[in-house]
Amino acid sequence: MKHKLKILISGGGTGGHIFPALSIADEIQRRYSDADILFVGADNRMEMERIPAAGYKIIGLPVRGLIRKLTFENVRVILDFFKSKRKARKIIKDFKPDIAIGVGGYASAPVLSAANKMGVPALLQEQNSYAGVTNKLLAKKAKTICVAYGGMERFFPAGKLINTGNPVRQIDVSPSLRKEGRKHFGIESDNPVLFIMGGSLGARTINQALLAHIDKLITEPIEIVWQTGKYYFEDIKKQLANYALENIRILDFVTRMDLAYNVADLVISRAGALSLSELCLVGKPSVLVPSPNVAEDHQTKNAMALVKANAALMVKDIEGKEILISESLRLLKDEKKLNEFGKNALILAKPDATSTIVDEVMKIIDNQKLDG
């Protein structure tokens with residue numbers, strides 16, 4: 001009787017961890033339709049909604065992050081970690097996975113730690129150019145570590161590293177989709193398009209920069225698709241109620257990201273690992289404004305990987321309100337530079353990332369069977 005694959009995937013907390021996990025799960029399901037895939041996440045975090053919405057089972061743990069100051073609450077955090085580890089052991093005992101995949105985030109630590117002690121092989125997927133704390137702690141026992149950037153031997157054992165790129169959704173770029181996109185966003189002119197990608201919640205500095213220079217933007221011969229994020233949308237609409245925004249479309253959320261990428265001649269974005277992977281995949285020039293509110297300033301390190309490859313321009317968050325718009329408009333008028341950035345971004349792309357990671361998953365499972 002053929003063995004039914006059992007895959008345990010753990011991690012989450014942010015879309016940057018959740019979406020790669022789902023991409024990996026979808027590819028496994030595509031290859032092995034009867035595979036049993038179980039996610040383990042952190043209670044009250046984003047994954048507890050997003051994973052079931054994608055059609056997968058998930059179990060939550062009471063795990064959470066340490067508070068970065070001396071506080072009694074950290075005692076409870078530590079107690080919750082050990083409680084989570086006990087629960088993780090029971091999950092593994094009951095589910096009997098062939099492999100545990102960690103994508104970073106709070107839940108990965110107790111789950112993969114328990115898996116290691118119970119003889120379940122582990123694969124880690126690190127999205128950023130600066131490794132997360134959880135993955136660094138788990139690296140020693142992992143069989144394979146899939147990364148998206150060079151130089152990751154600073155954080156992980158070199159012999160375990162495979163540069164696969166980040167698993168992201170597949171996005172087609174074509175003249176027909178560009179035409180469809182212009183119609184979708186109501187763009188009738190032939191003017192270049194600036195796409196502002198603030199993420200689902202939005203990016204405060206980017207939004208402030210546009211508001212501060214709105215008088216200039218409405219007079220420029222350009223079209224703008226501005227994703228404000230849900231948090232800022234209503235306030236921005238009120239502030240701009242008296243402006244004639246004929247060349248600006250203000251949206252809280254972009255449902256058709258494929259069309260947004262297709263119409264964009266230049267993208268302004270934060271520098272989250274998945275956003276950068278998608279920008280490279282579609283070969284789009286970008287102006288990156290790294291968020292200062294992330295661990296170890298890893299978004300700046302992500303952005304610098306593109307800047308060094310001459311594939312993007314970076315503007316520091318602290319300078320965003322003052323120079324982001326002028327730098328973006330200058331670049332938007334430089335067709336040669338735009339083409340250069342786009343071509344170099346495409347060179348960095350890893351379109352087969354998800355498939356390569358699943359190949360590595362299957363190698364580990366096959367080797368485990370041979371060893372067993």
Side-chain angles (χ1 to χ4, degrees), residues 128-130 191-199 201-229 231-233 235-237 239-240 243 245-251 254 260-261 263-273 275-276 278-280 282-294 296-345 348:
N128 291 293
S129 60
Y130 194 95
N191 291 334
V193 177
L194 178 63
F195 174 41
I196 289 88
M197 187 165 74
L201 295 178
R204 186 166 178 255
T205 298
I206 294 174
N207 287 336
Q208 285 181 334
L210 271 87
L211 288 170
H213 298 275
I214 197 70
D215 290 318
K216 181 166 181 57
L217 289 169
I218 60 177
T219 63
E220 286 287 321
I222 63 171
E223 302 288 342
I224 297 173
V225 177
W226 179 5
Q227 182 193 38
T228 64
Y231 184 79
Y232 299 98
F233 180 64
D235 182 56
I236 288 172
K237 273 209 312 184
Q239 290 190 58
L240 299 179
Y243 285 84
L245 304 173
E246 293 177 9
N247 66 328
I248 301 177
R249 290 126 197 97
I250 301 175
L251 307 164
V254 174
Y261 282 132
V263 301
D265 293 289
L266 177 66
V267 179
I268 294 176
S269 175
R270 285 299 199 191
S275 296
L276 301 198
E278 287 190 348
L279 287 168
C280 291
V282 295
K284 290 295 171 178
S286 57
V287 180
L288 305 174
V289 188
S291 170
N293 308 310
V294 294
E296 306 293 346
D297 194 27
H298 69 252
Q299 284 204 6
T300 295
K301 297 172 178 73
N302 292 348
M304 284 307 298
L306 268 70
V307 171
K308 287 174 182 174
N310 197 29
L313 180 70
M314 187 181 85
V315 171
K316 291 179 182 177
D317 187 85
I318 198 168
E319 299 173 338
K321 191 172 178 180
E322 185 182 344
I323 69 168
L324 174 61
I325 298 307
S326 60
E327 288 295 301
S328 298
L329 291 176
R330 181 182 59 78
L331 181 56
L332 196 55
K333 291 168 186 172
D334 188 342
E335 195 171 333
K336 184 182 176 184
K337 198 70 177 171
L338 287 177
N339 288 334
E340 200 176 294
F341 276 8
K343 285 176 183 175
N344 289 333
L348 296 175

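Numbers here are sequence positions counted from 1. Heavy atoms only: backbone and side chains are in, while hydrogens, waters and symmetry mates are out.
The minimum heavy-atom distance linking Y261 with K284 is given by the pair O-CE, 2.8 Å. The shortest non-hydrogen separation linking G320 to T205 is CA-CG2, 4.0 Å.
Under the 4.5 Å side-chain criterion, counting only non-hydrogen atoms from C-beta, Q208 is not in contact with Y232. Considering only heavy atoms from C-beta on, L306 stays 4.5 Å or farther from N344 through its side chain. W226 places a side-chain heavy atom less than 4.5 Å from the side chain of I248.
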Worksheet item: For R249 and E223, what are the C-alpha separation, side-chain angles and deciding distance, and is it a salt bridge (charged side-chain N to carboxylate O under 4.0 Å, His left out)?
Response: CA-CA 8 Å; R249 290 126 197 97; E223 302 288 342; 3.0 Å; yes
Worksheet item: What do the steps show when you test N207 against Q239 for side chain to side chain contact (heavy atoms under 4.5 Å, CB included), and what is the final call?
Response: CA-CA 12 Å; N207 287 336; Q239 290 190 58; over 6 Å; no
Worksheet item: Should R204 and D317 be marked as a salt bridge (charged side-chain N to carboxylate O under 4.0 Å, His left out) after you check the CA-CA gap, both sets of side-chain angles, and the distance that decides it?
Response: CA-CA 10 Å; R204 186 166 178 255; D317 187 85; over 6 Å; no
Practice prompt. Could you go through the side chain to side chain contact (heavy atoms under 4.5 Å, CB included) check for H213 and E220 one step at a time?
Written response: CA-CA 11 Å; H213 298 275; E220 286 287 321; over 6 Å; no
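A donor-acceptor pair under 3.5 Å links the side-chain atoms of Q299 to the main chain of S291, judged by distance alone.
Put simply, the residue from L329, L266, V193 that forms a side chain to side chain contact (heavy atoms under 4.5 Å, CB included) with I222 is L329. When each of I224, I250, L217 is paired with L245, the side chain to side chain contact (heavy atoms under 4.5 Å, CB included) condition holds for I250 and for no other. Shown are V267, I268, L279; of these, the side chain to side chain contact (heavy atoms under 4.5 Å, CB included) with L288 is made only by L279.
Remark: E335 CD is loosely packed, at most 12 non-hydrogen atoms of other residues, nucleotides or ligands lying under 6.0 Å away. Around NZ of K343, the count of heavy atoms belonging to other residues, nucleotides or ligands within 6.0 Å does not exceed 12.
Residues passing the salt bridge (Lys or Arg N to Asp or Glu O under 4.0 Å) test with K316: none are found, sequence neighbours excluded. Applying the side chain to side chain contact (heavy atoms under 4.5 Å, CB included) rule to A209 yields the partners L324, I325; only residues at least two apart in sequence or on another chain are considered. Listed by chain and residue number, N310, L331, D334, E340, F341 satisfy the side chain to side chain contact (heavy atoms under 4.5 Å, CB included) test with K337 (two or more places apart in sequence, or in another chain).
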